[in-house]
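Keep in mind it's a predicted model, so treat the numbers as computed, not measured. In listed order, ligands and their atoms are each counted from 1. Worth knowing before you read on, the calculation uses all heavy atoms, side chains too, and leaves out hydrogens, waters and symmetry mates.
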Amino acid sequence: MPTLTPHEDVSSLKGVGPKKRAALSSAGIETVADLLTYFPRTWEDRRNRVKVSGLEEQVPAGFTARVLSVKRPAHSYRSGRRTPLVITAGDETGAVEIVFFQSHYMERIFLPGGDFYFFGTPARNYGKLTLIHPEFERVGADSEFGGYPIVPVYPLKAGISQLDMRRWHRDALGAAAAAPDILPKDIVSRLSLCGRDFALTHIHFPADRHALSAARYRLIFEELFLLATALGLLRERNAHAAPGIAFSDSIRPDDFSRLLPFGMTGAQARTVSEIYADMESERQMNRLVQGDVGSGKTAVAMAAAYKAARDGYQSVLMAPTEILATQHYAEFLRLFGAEQTPAAPAARSLRIRLLTASVRKSERDGILAELAAGAVDILIGTHALLQPDVVFGKLGLVITDEQHRFGVNQRIGLSEKGETQPDILVMTATPIPRTLAFILYGDLDVSLIDELPPGRKPVATKAVGSGKRGEVYKFAATQVAKGHQVYVVCPLIEENTESEAMAGVRSAGSVHAELSRKFPGLNIALLHGTMKQAEKDGIMEAFTAGEIPILVSTVVIEVGVNVPNATIMIVENSERFGLAQLHQLRGRVGRGASASYCVLITDSTSEEALTRAKIMTETNDGFVIAEKDLEMRGPGEFFGVRQHGLPELKISDMVRNASMLETVKQESARLLTEDPRLEGPENAALKRGIEDIVSNLSNPGL
Ligand code: ADP
Ligand code: MG
């Protein structure tokens with residue numbers, strides 16, 4: 001067979017006809033190069049071959065055995081499912097049970113008397129050693145790879161067998177040598193990485209464990225390095241290609257902080273300085289402010305908007321919910337809308353408007369007219385701001401709060417409302433694990449508010465069974481007696497009697513009714529997403545003013561709401577909330593100087609729910625919680641589907657390979673310092689290699 005080249009279509013491979021070609025395509029494999037980077041999901045170490053009697057619980061091993069009997073699957077009338085296929089196979093030393101759950105096509109393969117090679121990890125099932133879904137091959141077929149000490153096991157698609165994959169990979173290996181090594185030579189030698197052809201050969205057919213780990217390390221490093229370098233290149237490009245507004249330096253951080261009723265924390269002051277420097281520079285600001293719940297991000301947003309306004313530019317602040325937009329509006333008014341007295345000079349008085357979906361048409365028309373005429377300094381609102389008829393006279397700054405709640409496209413939509421590129425400030429309370437921030441927000445500069453305002457005490461957190469509910473509410477009543485306020489959050493609005501899955505799940509409606517009966521003297525309010533906006537606003541205003549001691553709600557209360565006098569957060573059926581959500585909910589309390597509490601009520605015994613409750617009771621640190629959340633859910637779900645335009649990672653895992661990220665980051669930064677746009681001829685191959693990543697990242701994704 002002539003040597004294949006990497007760019008060749010996989011149909012050049014022996015045994016790839018139209019059907020198999022289509023199946024390969026469904027796995028994203030079109031070319032020989034694609035095949036070479038279709039990596040094994042695991043490897044069988046065939047050096048550990050045993051006799052059946054030598055099989056041990058939990059020890060992966062391979063063995064050859066003859067099928068002795070086959071128990072055909074039957075239809076189970078109780079569950080409506082088929083029972084598994086159970087095979088007994090053995091050699092002269094003994095027999096073992098082998099089970100396949102999805103058995104439809106296996107029935108035809110395993111016929112009594114057939115000899116197979118099996119590989120798997122035995123487990124004990126009702127006292128018997130059993131292999132569930134082992135790898136297997138007919139003995140004759142296996143001999144083809146008999147000489148390999150370690151054999152790859154690929155993830156398969158319908159229509160392709162393990163043997164097909166192995167053969168194709170084996171036949172394609174010749175092309176590995178033809179694939180150019182695009183990593184800079186000095187990096188390869190500094191980190192003692194193996195060559196690319198070595199890596200591609202030994203990732204599929206390792207000579208030994210040592211070669212395999214060298215191959216894996218090299219390929220993981222390469223994948224992360226290409227991504228990091230693509231992001232770095234993009235950031236560099238943005239820095240030059242996006243001229244922004246150069247605000248004057250007439251407003252300094254101190255000019256703003258003087259207006260605040262409190263002194264800024266060190267982290268806030270640092271963040272404001274970074275923002276002011278960005279705003280004064282000629283390039284467009286693209287900054288992410290990341291700060292845990294309660295760290296004081298609003299003040300930072302105010303600082304930016306103030307500077308823009310004093311320079312004659314308009315700002316827009318978009319929040320994910322009406323409750324939050326309304327609260328921001330009230331806070332901005334309090335700071336900037338104050339009457340002009342000697343203590344509050346004219347300098348602080350700005351024109352602020354609120355625009356949400358529930359603003360009446362006549363009022364909206366008025367706001368839009370003022371906005372276009374430049375008679376509004378700061379516009380605060382929700383998604384309603386994205387309407388095409390919302391037109392600014394002179395937009396200079398776009399702020400999105402609680403960024404994780406918005407699609408990335410919405411952030412971009414807002415910034416296109418300016419004639420020149422407005423500066424962009426993004427705020428989020430979802431702490432991205434430090435190791436990942438640079439990849440995820442690689443196009444943004446990041447400020448971290450890693451300090452809480454003084455006097456905050458950690459929120460004492462407890463998880464209790466529903467048997468303790470009475471006690472919990474009694475304790476809440478004692479807090480109310482001290483003048484504090486209470487949140488009760490439920491997963492549902494109304495009880496759902498139809499759905500079995502929802503049986504026993506508490507609703508805001510019924511909890512509200514129950515508490516109203518229990519505490520007849522107290523004003524207990526109910527808040528949920530389907531209520532009329534005016535009604536919601538009225539309740540939030542009254543709660544903020546301290547007129548409502550107990551607020552029963554759904555998760556509408558989750559993000560951003562700030563009522564420092566509230567000291568208890570009670571979460572009903574807490575097993576129904578994710579870690580990040582629980583942390584956000586807990587962040588609604590502990591915002592003042594008084595001791596605060598969070599009680600998670602749950603009867604769930606699921607491992608996941610127990611782990612989440614344990615993490616919540618052990619730490620208040622949003623970063624720790626984010627790391628755990630990431631561990632539990634995996635990066636895909638954590639970051640949301642494809643939201644960031646990140647390429648699919650074929651071999652690396654940003655969580656499991658987190659320790660390598662530091663090296664990757666350093667090497668990538670070093671390279672880009674030497675050759676910021678990869679213009680050197682020695683980096684040309686690398687540049688070509690990352691072009692795809694760069695263009696995917698720079699289209700709406702990021
Ligand atoms: P978040 O970062 O969650 O959006 P907020 O901006 O709502 O937090 O601030 C939380 C609370 O802390 C507010 O009541 C705010 O007035 C107060 N706060 C913010 N910064 C400080 C500070 N430096 N000193 C004292 N209180 C502060
Ligand atoms: Mg906030």
Side-chain angles (χ1 to χ4, degrees), residues 253-254 256-273 275 287-306 317-336 338 378 380-382 399-406 425-432 446-459 484-485 487 540 543-546 556-567 569 580-594 596 598 620-623 625-626:
D254 279 350
F256 168 75
S257 64
R258 258 198 297 278
L259 308 179
L260 288 172
F262 44 73
M264 284 199 280
T265 63
Q268 281 171 319
R270 185 173 13 89
T271 302
V272 170
S273 300
I275 291 171
R287 184 166 290 275
L288 172 78
V289 173
Q290 206 188 321
D292 207 349
V293 283
S295 62
K297 292 183 290 296
T298 314
V300 165
M302 287 169 158
Y306 181 69
L317 167 60
M318 182 163 75
T321 63
E322 296 223 17
I323 289 180
L324 205 51
T326 309
Q327 174 189 297
H328 281 324
Y329 176 64
E331 283 178 40
F332 273 66
L333 271 187
R334 217 174 301 138
L335 193 67
F336 297 126
I378 303 174
I380 297 172
T382 54
I399 309 172
T400 46
D401 190 19
E402 307 298 350
Q403 155 70 16
H404 59 289
R405 282 303 198 89
F406 291 108
L425 189 63
V426 173
M427 305 196 293
T428 182
T430 301
I432 306 299
V446 179
S447 295
L448 208 59
I449 311 188
D450 52 1
E451 185 184 353
L452 294 178
R456 296 278 174 80
K457 297 186 194 77
V459 179
H484 292 306
Q485 291 163 277
Y487 291 104
M540 273 325 289
F543 189 69
T544 310
V556 290
I557 216 71
E558 180 193 349
V559 284
V561 169
N562 184 38
V563 180
N565 189 44
T567 54
M569 165 62 67
Q581 219 173 9
L582 289 174
H583 181 61
Q584 278 287 340
L585 285 171
R586 178 169 61 184
R588 298 312 107 219
V589 298
R591 301 173 79 89
S594 312
S596 296
C598 173
N620 267 263
D621 184 330
F623 282 101
I625 289 172

ask   = Between Phe256 and Tyr306, what is the ring plane arrangement, given parallel below 30°, perpendicular above 60°, and tilted in between?
value =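 Ring orientation of Phe256 relative to Tyr306: tilted.
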request  = Not counting sequence neighbours, which residues clear side-chain contact (heavy atoms from CB on, under 4.5 Å) with Ser295? List them please.
outcome  =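 Checked Ser295 against side-chain contact (heavy atoms from CB on, under 4.5 Å); matches are Lys297, Ile449, Leu452.
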task = State whether a side-chain donor-acceptor pair under 3.5 Å links His583 with Asn620.
result =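 There is no such pair between these side chains.
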request  = Answer with yes or no whether the side chains of Ser447 and Arg270 bring together a donor and an acceptor at under 3.5 Å.
outcome  =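 Looking only at side-chain atoms, Ser447 and Arg270 do not form any donor-acceptor pair under 3.5 Å.
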task = For residues Lys457 and Ser596, determine if any side-chain heavy atom of one lies less than 4.5 Å from a side-chain heavy atom of the other.
result =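 Lys457 does not reach Ser596 side chain to side chain.
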key: Side-chain H-bond candidate by donor/acceptor type, Gln268 with Thr271, under 3.5 Å   =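 No, no side-chain donor-acceptor pair sits under 3.5 Å.
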inquiry  = Can you list every protein residue that has a heavy atom under 4.0 Å from any atom of ligand 1, sorted by chain and residue number?
reply    =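 Within the 4.0 Å shell of ligand 1, which is judged on heavy atoms, sit Phe262, Gly263, Met264, Thr265, Gln268, Asp292, Val293, Gly294, Ser295, Gly296, Lys297, Thr298, Pro453, Arg456, Asn562, Pro564, Arg591.
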